[in-house]
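What follows is a single structure, written as structure tokens, with notes after it.
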Amino acid sequence: MEEKRVRVRYAPSPTGLQHIGGIRTALFNYLYARRMGGDFILRIEDTDRTRFFEGALEDIFSTFEWLGMSYDEGPVKNGKYAPYFQSERLELYQKYAKELVDKGHAYYCYCDSDRLERIKKIQEASKLPPGYDRHCRELSNEEAEENRKKGTTPVIRFKAPLDGTTSFDDRILGKIEVNNSTLQDFVLLKSDGFPTYHLANIVDDHLMEITDVLRAQEWIPSTPNHILLYKAFGWTPPRFCHLPMVMGEDGHKLSKRHGSTHVIEFRNNGYLPEAIINFVSLLGWSYNDKEEIFSLEDLTKIFDVDRINRAPAVFNYSKLKWFNGVYIRKLSIDKLLELTLPHYIKAGLVSEKPTDEELSYLKKILPLIQDRLELINDAPELSDFMFGTLPPYKTWSEILPKKVEKEVVIKILEDSLTILKDIEVKPHSEMQDALYKLTEKHSVKAGAIFMPIRIAITGINKSPELFPVMSVLGKDRVIARLENSIKKLKEESS
RNA sequence: GGCCUCUUCGUCUAGUGGUUAGGACAGGUGAUUCUCAGUCAUCAGACAGGGGUUCGACUCCCCUAGGGGCUACCA
């Protein structure tokens, strides 16, 4: 049999910001399409008017762009099957819902929310499984007419089979079968004329010639409904592939209470798109047992649906951070500058319109902190001591090495000052060797020499390598900071 | 409650009847004539339990337990 060109879609509903779970689904669809040389479609399922969220669309587009995922058809871009907003396809769904009624697969239901509420309460009270009681399923024409006269706008419900079974073959889960007796007469068309997810989704998937549906496992329970719908229409269903859920650290579906979940939050917090893509690709999928650093480009070549896991995956923030560090270390200094500059400006370390001088100074600082940077946003905090004549000293007493007498520290700093005044401040072993000699003179360990110098010069006890720092700072500032520290220490001891 | 589904180190996972059960993150230790980070080395850490099937089960089957999802005129 000839294989059809693969067509997959990501179909978010604009009810909130894009989150990790959604983007994982989007990514897998994207990768599958690219790997198979097929089409990736973006479709906006805006069928719930009550939950529409203002910034959602903008967020979807910018998230895709930021992550570097392109789609072949979708809003704005359009394509052969336009429009890609379900809200613009209403007549279509109404037509198909009506068709189902005519074929006897669906019916008008006049039950209002009051009645629905009532039967729900009764079911709860008598511990019966909840669900619509199919009151309108076999309504006579007279009764229907009566309801119409009362002015109630009906919904259209699917007439689910009462017995037998419905099954489908999931690409990763295998055969899934349910008894039709457990199915509901779910709503297809709401009373406001909008379709429900179930109707709109399958109508569009069919019309848009979607071949594979990759979606989260939370959709498994409604898949039999969808299969039945395809059957009622006489259409061939696509292949289904249900992706494992993404959980929070407590084992529940990932949500806000687990911390950041929206892609935009990660973006704002200093995460790189490469890190998000790489990390998310490994949520429920793996390549092999040794490689795990992949670019989006790599992934389009190696992604394999058959290697997707069945079990849910817990979102591990610390591993994401590690990935971010990996990708930050891969950045060129120019790129790193571009990304960190706004933060330096915000921190007030660089002027609003940075001068060339400021820019080239930043370019000298960044290599100093690149290795230790985990989040782009942390750059200013990690390097603020590189700015100004004197660093922002903390309390001296807290920072001084504990095991060394203050008098000795002062002597060490004075000796260092003498040494440094005489040589070039370069990141060279010469400087290191010269200072190292002080360990013998004062009979202390290396740390007792370098720590005081570090603190005197940077004002902190955790800094990048001392000699590169001194080199970037320049001789004048090194001397000034050393002198200032000695002075301060002397004041404090008197 | 009902239906569906899942189960290898704390976490992400490799594994497809015979392995010292491998890797990564996190954690421990050591090295890198200084701290932190990075890097390198190293340690610790798992097949949920019980029955089968088999010469042999992490791998196949059944049961139990535990987890998760769904159960809307939301997607």
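In what follows, chains are A, B, ... by sequence order, proteins preceding strands, each numbered from 1.
- At whole-Å resolution of the value, CD1 in Ile202(A) and P in A75(B) are 15 Å apart.
- Comment: Lys437(A) does not engage Asp415(A) in a salt bridge, judged by the lack of any side-chain N to carboxylate O separation of less than 4.0 angstrom.
- Arg51(A) has no side-chain polar atom (N or O) that falls below the 4.0 Å cut-off from OP1 or OP2 of C74(B).
- With respect to Arg307(A) and Asp304(A), no salt bridge is recorded, no charged nitrogen being found less than 4.0 Å from a carboxylate O.
- OP1 or OP2 of A75(B) has not a single side-chain nitrogen or oxygen of Arg215(A) nearer than 4.0 Å.
- The CE-P distance, from Met245(A) to C12(B), rounds to 14 Å in whole Å.
- Relative to the ring axis of Phe28(A), Arg24(A) places its NZ or CZ within 45° and under 6.0 Å from the centre.
- Below the 3.5 angstrom threshold, one finds no donor paired with an acceptor across the side chain of Lys319(A) and the base of A26(B).
- The residues Glu218(A) and Lys253(A) are annotated as salt-bridged, a charged nitrogen and a carboxylate oxygen being separated by less than 4.0 angstrom.
- As the counterpart of U32(B), G38(B) is assigned, both hydrogen-bonding distances of the Watson-Crick or G-U wobble pattern falling under 3.5 Å.
- For a distance-only test at 3.5 Å, the side chain of Arg454(A) qualifies as a donor-acceptor partner of the base of C34(B).
- Going from atom CD1 of Ile176(A) over to atom C1' of G69(B) covers 12 Å, rounded to whole Å.
- For G10(B), the paired nucleotide is C25(B), the pair qualifying as Watson-Crick or G-U wobble because both relevant distances are below 3.5 Å.
- Of the charged side-chain nitrogens involved, at least one lies within less than 4.0 Å of a carboxylate oxygen, so that Arg171(A) and Asp212(A) count as a salt-bridged pair.
- The phosphate of U7(B) has neither OP1 nor OP2 within less than 4.0 Å of any side-chain N or O from Asn309(A).
- Within 4.0 Å of Ser286(A), counting heavy atoms only, lie sugar-phosphate atoms of the nucleic acid but no base atom.
- Remark: the Thr196(A) side chain and the C73(B) base include no donor-acceptor N/O pair separated by less than 3.5 Å.
- The side chain of His198(A) places no N or O atom within less than 4.0 Å of a non-bridging phosphate oxygen (OP1 or OP2) of A75(B).
- The base-pairing partner of C3(B), taking Watson-Crick or G-U wobble contacts with both distances under 3.5 Å, is G69(B).
- Taking a pair to require two hydrogen-bonding distances under 3.5 Å in either a Watson-Crick or a G-U wobble arrangement, A48(B) pairs with U64(B).
- C58(B) and G22(B) have their C1' atoms separated by 13 Å, with the value rounded to a whole Å.
- Every residue two or more places apart in sequence or in another chain was checked for a ring-ring contact (aromatic ring centres under 6.0 Å, His included) with His105(A), and none qualifies.
- Using atom P as the reference point in both G68(B) and U42(B), the two lie 39 Å apart (nearest Å).
- Here the separation of A57(B) from C62(B), taken at their C1' atoms, is 15 Å to the nearest Å.
- Across the C1' atoms, C47(B) and G15(B) are found 11 Å apart, a figure rounded to whole Å.
- Base pairing of U59(B): no nucleotide in any strand meets the Watson-Crick or G-U wobble criterion (both distances under 3.5 Å).
- Listed pair Arg310(A) / U5(B) fails the phosphate criterion, with no side-chain N or O lying under 4.0 Å from OP1 or OP2.
- Nucleotide U16(B) forms a pair with no other nucleotide shown, judged by Watson-Crick or G-U wobble geometry with both contacts under 3.5 Å.
- Nucleotides G45(B) and C9(B) place their P atoms 14 Å apart, quoted to the nearest Å.
- For the pair Met386(A)/Leu368(A), a side-chain contact is recorded, criterion being any heavy-atom separation below 4.5 Å from C-beta on.
- Between Lys321(A) and A37(B), a side-chain N or O to OP1/OP2 separation shorter than 4.0 Å is absent.
- Contact check of residues 120-136 of chain A against RNA chain B (heavy atom, cut-off under 4.0 Å) returns Pro129(A), Pro130(A).
- Annotation: side chain of Ile376(A) is in contact with side chain of Thr340(A) (closest heavy-atom distance under 4.5 Å).
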